[in-house]
Protein chains: 2
Amino acid sequence: MAGGRKFMTKSGIEIAKFLDKRESFASAQEIFLGLRAEGRNFGLATIYRALQSLTSTGEVDVLRRSDGEALYRKCGEDHHHHLICKGCGKTIEIEGVSVEEWAHTIAERHGFREIQHSAEIFGICPDCFTQAEPKRR
Amino acid sequence: MAGGRKFMTKSGIEIAKFLDKRESFASAQEIFLGLRAEGRNFGLATIYRALQSLTSTGEVDVLRRSDGEALYRKCGEDHHHHLICKGCGKTIEIEGVSVEEWAHTIAERHGFREIQHSAEIFGICPDCFTQAEPKRR
DNA sequence: AGCCATAGTGAGAATGATTATCAAAGTCAT
DNA sequence: ATGACTTTGATAATCATTCTCACTATGGCT
Ligand SMILES: [Mn+2]
Ligand SMILES: [Mn+2]
Ligand SMILES: [Zn+2]
Ligand SMILES: [Zn+2]
């Protein structure tokens with residue numbers, strides 16, 4: 001299901017590596033600044049291009065922040081959902097057999113085909129709950 | 001859970017009525033043009049303001065299109081999810097006891113508090129599947 | 001009716017993420 | 001090295017959303 005691995009440019013590989021080191025979702029702008037902070041300057045266009053390529057193959061997951069900005073994360077190969085801390089952004093990959101069944105059952109009941117679904121959980125992680133200050137954004 | 005009904009301006013009521021007549025999600029821009037087509041001109045600022053108020057009370061649901069644009073819909077009072085046709089936009093409100101349980105279980109297992117969740121299903125409705133041409137966008 | 005305080009409106013400017021341009025720089029087989 | 005092709009990135013263009021702020025509508029009061 002993880003689309004045929006696509007060719008990746010030199011920059012694309014760097015950007016994928018950068019995402020690999022992050023545990024949380026990051027926006028294109030954050031990636032841009034994060035790489036720059038490491039001394040490696042890429043153009044924004046290059047970053048957006050790489051991100052487009054990476055998401056099209058499923059190598060990178062994307063979701064939308066409440067303000068509409070797109071967030072990217074390098075994830076596991078297989079289908080999964082996310083548990084995300086609203087405080088620090090910590091992200092845990094989760095499975096959801098019951099969700100898969102639910103989506104399938106509902107869709108079938110209404111005669112829908114070519115089904116997709118989204119399901120994410122947001123909350124405050126234990127660290128952020130005890131600490132006054134969340135670690136990061 | 002449906003927040004204390006908030007005061008609504010005259011324009012806000014009109015905009016809520018407009019959404020009431022629609023079965024699908026609509027963007028702010030579509031609402032703007034739709035109202036204009038009915039001869040009633042509202043400023044975009046007014047529409048965005050009303051939408052903000054309506055979503056804050058939970059009277060109107062909001063979700064993000066894949067391109068990031070926000071979509072709004074007048075929905076039922078109680079908590080629910082959506083089954084949305086990718087062809088015509090037809091939207092069906094669905095319940096998901098199993099999803100509620102899943103979210104709760106996962107969150108508890110990882111010690112997360114203040115839980116929220118999102119879960120939507122997308123597909124092609126029977127009408128759009130048989131017809132060559134989807135009705136609307 | 002006339003006056004005044006306050007809330008609501010909307011044209012237009014500002015913001016900010018994303019995309020489009022396109023010329024310059026890199027790659028690579030011959 | 002030459003030429004064909006790909007990649008890059010500074011910059012401009014888009015476009016949804018928010019911000020400004022002068023103007024209008026409303027409602028209480030005399
Ligand atoms: Mn799933
Ligand atoms: Mn639910
Ligand atoms: Zn946290
Ligand atoms: Zn349909």
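Protein chains get the first letters and strands the later ones, always in sequence-line order, with residue 1 at the start of each. All heavy atoms count here, side chains included; hydrogens, waters and symmetry mates do not.
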Excluding sequence neighbours, so at least two apart, what forms salt bridge (Lys or Arg N to Asp or Glu O under 4.0 Å) with Glu120(B)? none

Just how far, in rounded Å, is P of dT14(D) from CD of Gln29(B)? 16 Å

Those residues at least two apart in sequence (or on a different chain) that pass ring pair (Phe, Tyr, Trp, His ring centres under 6.0 Å) with His80(B) are His82(B)

Got a sec, which residues hit side-chain contact (heavy atoms from CB on, under 4.5 Å) with Ala70(A), two or more places apart in sequence or on another chain? Val62(A), Arg64(A), Tyr72(A)

Contacts table for residues 39-47 of chain A: side-chain donor-acceptor under 3.5 angstrom, sequence neighbours left out:
| unit_1 | atom_1 | unit_2 | atom_2 | d |
| --- | --- | --- | --- | --- |
| Arg40(A) | NH1 | Glu14(A) | OE1 | 2.4 |
| Arg40(A) | NH2 | Glu38(A) | OE1 | 2.5 |

Going 5' to 3' through nucleotides 4-12 of chain D, assign each nucleotide B (protein heavy atom under 4.0 Å from a base atom), S (under 4.0 Å only from sugar-phosphate atoms) or - (no protein heavy atom that close). ----BBB--

Check the pair Asp127(B), Lys90(B) against side-chain contact (heavy atoms from CB on, under 4.5 Å), reporting the backbone distance first and the verdict last. CA-CA 10 Å; Asp127(B) 288 350; Lys90(B) 174 162 56 184; 3.6 Å; yes

Just to verify, what does Asp78(A) make a salt bridge (Lys or Arg N to Asp or Glu O under 4.0 Å) with, not counting sequence neighbours? none

Check side-chain contact (heavy atoms from CB on, under 4.5 Å) between Ala107(A) and all other residues, then give those that pass, not counting sequence neighbours. Phe112(A), Ile115(A)

Can you pull the side chain to side chain donor-acceptor pair (under 3.5 Å) pairs that have at least one residue in residues 99-112 of chain A, sequence neighbours excluded? His79(A)-Glu100(A), His81(A)-Glu100(A), Glu100(A)-His117(A)

Its 5'-most and 3'-most nucleotides having an atom under 4.0 Å from a non-hydrogen atom of chain A, DNA chain C is contacted over dA17(C) to dT27(C)

